[in-house]
Structures are given as structure tokens and as C-alpha cells.
Amino acid sequence: QVQLVESGGGSVEAGGSLRLSCAASGYILSGYYISWFRQAPEKEREGVAAISHGGRRTYYADSVKGRFTISRDNAKNTVYLQMNSLKPEDSAMYYCAASVSVLVGSNWSRLTSYNYWGQGTQVTVSS
């Protein structure tokens with residue numbers, strides 16, 4: 001059974017950093033595009049970052065460019081999201097998602113592009 005498990009969330013002050021992890025079980029992560037999404041209360045889930053199977057291509061939402069970095073360690077079957085210079089508006093539940101497809105262009109940020117989702121990890125940034 002395919003499972004994605006996020007970890008690394010927590011509470012930090014503005015300007016701080018967190019590193020989220022997305023660990024996979026039940027399948028080989030290198031066969032999937034992996035993305036991070038987030039959802040704040042009363043807001044739609046939005047794409048934050050994505051990484052291709054081999055890690056050569058990455059995509060970011062404009063709101064996090066220059067502050068967040070997505071990476072993957074296929075040997076550990078894990079994808080990471082390094083978040084620096086955090087802002088209160090980054091507060092949300094963060095989810096990782098896996099797609100069996102090769103995502104092109106803006107498809108990386110579409111929820112319907114993904115086959116599997118984790119349960120999420122909460123990030124809270126205080127001002």
C-alpha cells in the first residue's frame with residue numbers, strides 16, 4: 001500500500017526556518033513527481049513546490065521563490081522542503097503529494113495531477 005508521511009512541522013517565529021520531510025513507503029519514490037502543497041484555514045490548497053523524478057527540475061510558487069528549496073534523496077525514499085525566512089502567511093497545513101505522470105508547465109500545481117497524498121504536517125509562524 002502506498003503511503004506518504006510528512007514530518008518536520010512546528011511553530012517558529014518569523015524569519016526562522018523549518019525542514020519538512022516526506023517519506024514514502026510501499027513504493028519507490030524515484031518513480032514519482034513529488035510536490036508540496038499547503039492549505040491555510042478557509043483557503044484553497046495551493047502548490048508550493050515540485051520536483052521531478054530525478055530531481056533535475058524544480059518548480060516553485062512565486063510566494064516562496066528564493067526562500068524555500070525542494071530536494072529529494074531517492075536512496076532514502078524521501079523528499080524535503082527547506083523553508084527559510086518564514087513569514088506568518090506561510091502558516092498552513094503542509095501536504096506532500098505524488099504523481100505517476102511527468103508534469104509539464106503549470107500542471108505541477110494542480111491538485112488533480114496527483115495520485116497520492118499524505119496526511120499533512122502543521123506549520124505555524126508567529127510574528
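The model shown is predicted, which means the values in this text are computed figures rather than measured ones.
No side-chain heavy atom of Ile51 sits under 4.5 Å from any side-chain heavy atom of Tyr59. Between Trp117 and Arg45, the closest side-chain pair of non-hydrogen atoms falls below 4.5 Å. Contact of the Tyr114 side chain with the Leu103 side chain is registered, since non-hydrogen atoms from C-beta on lie closer than 4.5 Å. In this structure, the side chains of Lys87 and Arg67 come closer than 4.5 Å at one or more pairs of heavy atoms. Inter-residue side-chain proximity for Arg38 and Asp90 is flagged as met; some heavy-atom pair is nearer than 4.5 Å.
With sequence neighbours left out, Ser17 forms a side-chain hydrogen bond (donor to acceptor under 3.5 Å, both in side chains) with Asn84. Among residues two or more places apart in sequence or in another chain, the ring-ring contact (aromatic ring centres under 6.0 Å, His included) test is passed with Tyr33 by His53. Scored by the salt bridge (Lys or Arg N to Asp or Glu O under 4.0 Å) test, Glu89 finds no partners at all (sequence neighbours excluded). Residues passing the salt bridge (Lys or Arg N to Asp or Glu O under 4.0 Å) test with Lys65, sequence neighbours excluded: Asp62. When the side-chain hydrogen bond (donor to acceptor under 3.5 Å, both in side chains) test is applied to Tyr95, no partner is found at least two apart in sequence or on another chain. Applying the salt bridge (Lys or Arg N to Asp or Glu O under 4.0 Å) criterion to Arg110, with sequence neighbours excluded, gives no partner residue. Evaluation of the side-chain hydrogen bond (donor to acceptor under 3.5 Å, both in side chains) rule for Asp73 yields no partner, not counting sequence neighbours. Partners of Arg19 by side-chain hydrogen bond (donor to acceptor under 3.5 Å, both in side chains), not counting sequence neighbours: none found. Under the rule for a ring-ring contact (aromatic ring centres under 6.0 Å, His included), the partners of Tyr32 that lie at least two apart in sequence or sit in another chain are Tyr27.
Taking OG1 of Thr69 as the reference point, atom CE of Met83 lies at 11.0 Å (rounded to 0.5 Å). The CG atom of Leu20 lies 7.5 Å from the OH atom of Tyr94; values are rounded to the nearest 0.5 Å.
Cation-pi check for Arg57 over Trp108 is not met; the charged atom does not lie both under 6.0 angstrom from the ring centroid and within 45 degrees of its normal.
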ask   = How far apart are the C-alpha atoms of Leu81 and Val48, what are their side-chain angles, what is the distance that settles it, and do they pass the side chain to side chain contact (heavy atoms under 4.5 Å, CB included) test?
value = CA-CA 9 Å; Leu81 184 68; Val48 175; 4.3 Å; yes

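Val5 forms part of no hydrophobic cluster, judged by ILVMFWY side-chain heavy-atom separations under 4.5 Å.
Listed by first and then second residue, the disulfide bond (SG atoms under 2.5 Å apart) pairs that reach into residues 64-127 are Cys22-Cys96, sequence neighbours excluded.
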Distance-only criterion, 3.5 Å: show the donor-acceptor pairs between side-chain atoms of residues 120-127 and protein atoms not counting sequence neighbours.
from: Thr121; atom 1: OG1; to: Gly9; atom 2: N; distance (Å): 3.1
from: Gln122; atom 1: NE2; to: Ala92; atom 2: O; distance (Å): 3.3
from: Ser126; atom 1: OG; to: Val12; atom 2: O; distance (Å): 3.4

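Between Trp36 and Phe68, a ring centre-to-centre spacing not shorter than 6.0 Å is recorded.
The neighbour count for Glu46 CD, taken as heavy atoms of other residues, nucleotides or ligands under 6.0 Å away, is above 12.
The backbone N or O of Lys76 lies less than 3.5 Å from a partner atom in the side chain of Thr78, making a donor-acceptor pair. Proximity of a side-chain donor or acceptor of Ser85 to a complementary backbone N or O of Gly15 within less than 3.5 Å is not detected.
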